[in-house]
Amino acid sequence: MAFWLFKSEPHVFSWADQVALGDAGGPWDGVRNHAARNHMRAMTVGDRGFFYHSGAQPAVVGLVEVVAPAAPDPTAPPDSGWDCVSLRALAPLPRPVSLRSIKAEPALAEMVLVRNSRLSVQPVRPEEWERVCAMGGLAP
DNA sequence: GCCAACGTTGGC
DNA sequence: GCCAACGTTGGC
């Protein structure tokens, strides 16, 4: 199983919006960046991800699961090559993990979130996954 | 194919 | 509101 991070402006699409989609989940559409799209193409069903809020209070707020592999983005023109996976909410983090606290943690200095803050869909290393989960109050 | 100009993202 | 980082566009 691989781990990922999905970024969203909560005013556009929030964790609460993701939860509201229920177990069926929904497409992570609207991504128009090749690197982010390629990460989604590399995902398989069952992969886990962090749901991250960008903006005024940047933080990891929840866990999601990939429920459908990359397929054409319904919001993109046909045959335009923009694909996206579908995600469902798994659980909120008992304590959201702020970007500030991630940057303050030496073990997380290599996270893509720290090194390339603009990439909206990112890979997460297993040890980074465990560390952020622990910081968020989730038992291993 | 190079690179300057421009637009967008996102933290602060 | 500012600015750094990054991606895209377009002239050459």
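Scope of the values below: all heavy atoms of this structure, side chains included, with no hydrogens, waters or symmetry mates. Labels below follow one simple rule: chain letters A, B, ... track the order of the sequence lines, proteins then strands, and each chain is numbered from 1.
One can place CG of A/Leu119 at 12 Å from P of C/dT8, the figure rounded to the nearest angstrom. Taking atom CG of A/Leu99 as the reference point, atom C1' of B/dG11 lies 7 Å away to the nearest angstrom. Per the geometry, CD1 belonging to A/Ile102 stands 11 Å off P belonging to B/dC12, to the nearest Å. Across the protein-nucleic acid pair, A/Arg32 atom CZ and C/dG7 atom P stand 17 Å apart, rounded to whole Å. Straight-line distance from the CZ atom of A/Arg100 to the P atom of B/dC12: 9 Å, rounded to whole Å.
Which of C/dA5, B/dG11, C/dT8 sits closest to the side chain of A/Arg118 comes down to C/dA5. Nearest nucleotide to the A/Ser120 side chain, out of B/dC12, B/dG10, C/dT8: B/dG10. The nucleotide whose nearest atom lies closest to any side-chain atom of A/Ser54 is, among C/dG7, B/dG10, C/dT8, B/dG10. Distances from the side chain of A/Asn33 to the nucleotides C/dG7, B/dG10, C/dC6 place C/dG7 closest.
For A/Tyr52, no side-chain nitrogen or oxygen approaches OP1 or OP2 of B/dT9 to under 4.0 Å. The side chain of A/Lys103 places an N or O atom within less than 4.0 Å of a non-bridging phosphate oxygen (OP1 or OP2) of B/dC12. The shortest distance between the side-chain N/O atoms of A/His53 and the OP1/OP2 oxygens of B/dG10 is not below 4.0 Å.
The number of heavy-atom neighbours closer than 6.0 Å to CD of A/Gln57, taken from other residues, nucleotides and ligands shown, is 12 or below. The number of heavy-atom neighbours closer than 6.0 Å to CZ of A/Arg88, taken from other residues, nucleotides and ligands shown, is above 12.
The only member of A/Val31, A/Leu87, A/Asp83 that meets side-chain contact (heavy atoms from CB on, under 4.5 Å) when paired with A/Met40 is A/Val31.
Remark: the A/Ser101 side chain and the A/Arg95 side chain contain no N/O donor-acceptor pair separated by less than 3.5 Å.
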